[in-house]
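So the structure is just underneath, and the comments pick up after that.
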Amino acid sequence: MFRHKHPYQPFLFEGVRKLIVGTLPPPRFTTGDLLPGDVNFCYGSRDGLLWPILDRMFDLDLKFETTAAAIAQRQSFLNERGIGVCDIVEEAERKKIDASDLGMENIQLRPLLDILRDYPRVELLIFTGGASKNGPEYLFRRLLRTKGLAINCLSDLVPRIHEFELSPASSKNLKTETRKIRTVSLTAPSGSANRAIGSMPEYKARKALDKNYNTLDFRLEQYRPFF
């Protein structure tokens, strides 16, 4: 079994208002065997689409290379926008060394609810995937159940939006009132999600009107309101 440990600590800072929540980066980020075009930072895989989408959305002129400058660009953007990154999985085991969520076994979760209590301005969790098994929304729901917390559906259309209430911990933040936090489950920023996008009626309708419309355009429109 391959021990797939998350290579990065959560990217958090005072005043963070939104958190991007995924699972684990590709195993090569754990072993340090990066490829040309990878960035040694959250969502830095050259095959991933999150940073290309944000680059296009905000005109960031990002570098896609394994350099300190590329990392600094991304950290600066996140700080300016009040966006943190806290993937929900700390580590997992795999029979097959790949990046599929479904292949994760013996999953150890990060204490995301405690982290949210420590950062009281967070109002939105941005899941980089839906409710399929071992996806970030699926694992977060599992975490809520273990704590006896409910999550309410606000919109069941893609991207799905939910809301839950989080009370302060009994031993700290005693002056903090119970707060409502929303979650949004975006279509995953991975190539493997393109097939699912292609089957969506709204994508087909847009494609019929514009033959140049593609899955990146679709994600751009879906992601924009939440970043």
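Note that this is a predicted model, so its numbers are computed, not measured. Atoms considered below: every heavy atom in the structure, side chains included; atoms not considered: hydrogens, waters and symmetry mates.
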Between Arg17 and Val122, does the side-chain contact (heavy atoms from CB on, under 4.5 Å) criterion hold? Intermediate values first, please. CA-CA 4 Å; Arg17 301 186 308 277; Val122 173; over 6 Å; no

side-chain contact (heavy atoms from CB on, under 4.5 Å) between Leu116 and Ile181: does it pass, once the steps are laid out? CA-CA 9 Å; Leu116 290 173; Ile181 301 175; 4.0 Å; yes

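- Taking the side-chain hydrogen bond (donor to acceptor under 3.5 Å, both in side chains) definition, one finds that Asp217 meets it with Arg56, sequence neighbours left out.
- Here Asp156 pairs with Arg160 under the side-chain hydrogen bond (donor to acceptor under 3.5 Å, both in side chains) rule; sequence neighbours left out.
- Shown here for Pro136 and Gly129, the closest heavy-atom pair between the two residues is CG-N, 4.1 Å.
- Considering only residues two or more places apart in sequence or on other chains, Ser199 meets the side-chain contact (heavy atoms from CB on, under 4.5 Å) condition with none of them.
- Paired with Phe77 under the rule ring pair (Phe, Tyr, Trp, His ring centres under 6.0 Å), one option of Phe227, Phe58, Phe41 passes, and it is Phe58.
- Rounded to the nearest 0.5 angstrom, Tyr223 OH and Leu216 CG are separated by 9.5 Å.
- Looking at every heavy atom in both residues, Gly82 comes nearest to Val16 through O-CG2, 3.6 Å.
- When only modelled atom types and interatomic distance are considered, Arg219 and Asn194 share a side-chain donor-acceptor pair under 3.5 Å.
- The minimum heavy-atom distance between Phe64 and Val39, with the atom names listed, is CA-CG2, 4.2 Å.
- Shortest non-hydrogen contact noted between Ala193 and Ala188 is CB-O, 3.5 Å.
- Using a 4.5 Å cut-off on side-chain heavy atoms (C-beta onward), Ile83 and Phe226 make no contact.
- Residues satisfying the side-chain hydrogen bond (donor to acceptor under 3.5 Å, both in side chains) test with Arg81, not counting sequence neighbours, are none.
- In this structure Thr67 satisfies the side-chain contact (heavy atoms from CB on, under 4.5 Å) test together with Glu65, Ala69, Ala70, sequence neighbours excluded.
- Applying the side-chain hydrogen bond (donor to acceptor under 3.5 Å, both in side chains) rule to Thr66 yields no partners; only residues at least two apart in sequence or on another chain are considered.
- Atom NE2 of residue His6 and atom SG of residue Cys42 lie 6.5 Å apart, to the nearest 0.5 angstrom.
- The side-chain heavy atoms of Leu124 and Thr183, taken from C-beta on, include no pair separated by under 4.5 Å.
- Residues Leu62 and Trp51 meet the side-chain proximity criterion, which asks for heavy atoms closer than 4.5 Å.
- Considering CG of Asn40 and CZ of Arg74, their distance stands at 11.0 Å, rounded to 0.5 Å.
- In this structure, the side chains of Arg117 and Leu166 come closer than 4.5 Å at one or more pairs of heavy atoms.
- Residues Leu24 and Ile97 are members of separate hydrophobic clusters, defined by side-chain heavy-atom contacts under 4.5 angstrom among Ile, Leu, Val, Met, Phe, Trp and Tyr.
- The distance from the CG atom of Leu144 to the CG atom of Leu139 is 11.0 Å, given to the nearest 0.5 Å.
- Expressed to the nearest 0.5 Å, how far OG of Ser76 lies from CD1 of Ile71 amounts to 13.5 Å.
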Please step through side-chain contact (heavy atoms from CB on, under 4.5 Å) for the pair Arg179 and Glu165, ending with a clear verdict. CA-CA 6 Å; Arg179 75 188 202 265; Glu165 291 190 353; over 6 Å; no

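- Using modelled atom types and a 3.5 Å distance limit, the side chains of Gln222 and Thr187 yield a donor-acceptor pair.
- With hydrogens and angles left out, the side-chain atoms of Ser185 and Glu137 include a donor and acceptor closer than 3.5 Å.
- Counting only residues at least two apart or on different chains, the salt bridge (charged side-chain N to carboxylate O under 4.0 Å, His left out) pairs with a member in residues 206-215 are Arg206-Glu221.
- Other members of the hydrophobic cluster containing Val158, listed by chain and number, are Ile197, Met200, Tyr203, Tyr213, Phe218; membership follows side-chain contacts under 4.5 Å among ILVMFWY residues, whether direct or relayed.
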Compile the donor-acceptor pairs under 3.5 Å between side chains in residues 28-37 and protein atoms, sequence neighbours left out, one pair per line.
unit_1 : atom_1 : unit_2 : atom_2 : d
Arg28  : NE     : Asp38  : OD2    : 2.7
Arg28  : NH2    : Asp38  : OD1    : 3.0
Arg28  : NH2    : Asp38  : OD2    : 3.4
Arg28  : NH2    : Ser45  : OG     : 3.0
Thr30  : OG1    : Lys5   : O      : 2.5
Thr31  : OG1    : Arg28  : O      : 3.3
Thr31  : OG1    : Asp33  : OD2    : 2.9

Test side-chain contact (heavy atoms from CB on, under 4.5 Å) applied to Tyr43 and Ile20, step by step: CA-CA 10 Å; Tyr43 297 90; Ile20 301 171; 3.8 Å; yes

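- Here the CG atom belonging to Leu50 is positioned 11.0 Å from the OG atom belonging to Ser190, to the nearest 0.5 angstrom.
- By the ring pair (Phe, Tyr, Trp, His ring centres under 6.0 Å) test, Tyr138 is found to be paired with no residue, residues two or more places apart in sequence or in another chain being considered.
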For residues 98-112, dump all side-chain donor-acceptor pairs below 3.5 Å to protein atoms at least two apart in sequence or in another chain.
unit_1 : atom_1 : unit_2 : atom_2 : d
Asp98  : OD1    : Arg94  : NH1    : 3.4
Asp98  : OD1    : Ser100 : N      : 3.3
Asp98  : OD1    : Ser100 : OG     : 3.3
Ser100 : OG     : Gly103 : N      : 3.1
Asp101 : OD1    : Thr23  : OG1    : 2.7
Glu105 : OE1    : Lys95  : NZ     : 3.2
Glu105 : OE2    : Lys95  : NZ     : 2.7
Asn106 : ND2    : Glu93  : OE1    : 2.5
Arg110 : NE     : Glu90  : OE1    : 2.8
Arg110 : NH1    : Asp87  : O      : 3.2
Arg110 : NH2    : Tyr8   : O      : 2.5

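- Contacts of Phe2 classified as ring pair (Phe, Tyr, Trp, His ring centres under 6.0 Å), with partners at least two apart in sequence or in another chain: His4.
- Across all non-hydrogen atoms, the minimal contact from Gly198 to Lys204 is O-CE, 3.3 Å.
- Across all their heavy atoms, Leu186 and Pro159 have their closest contact at CD2-CB, 4.0 Å.
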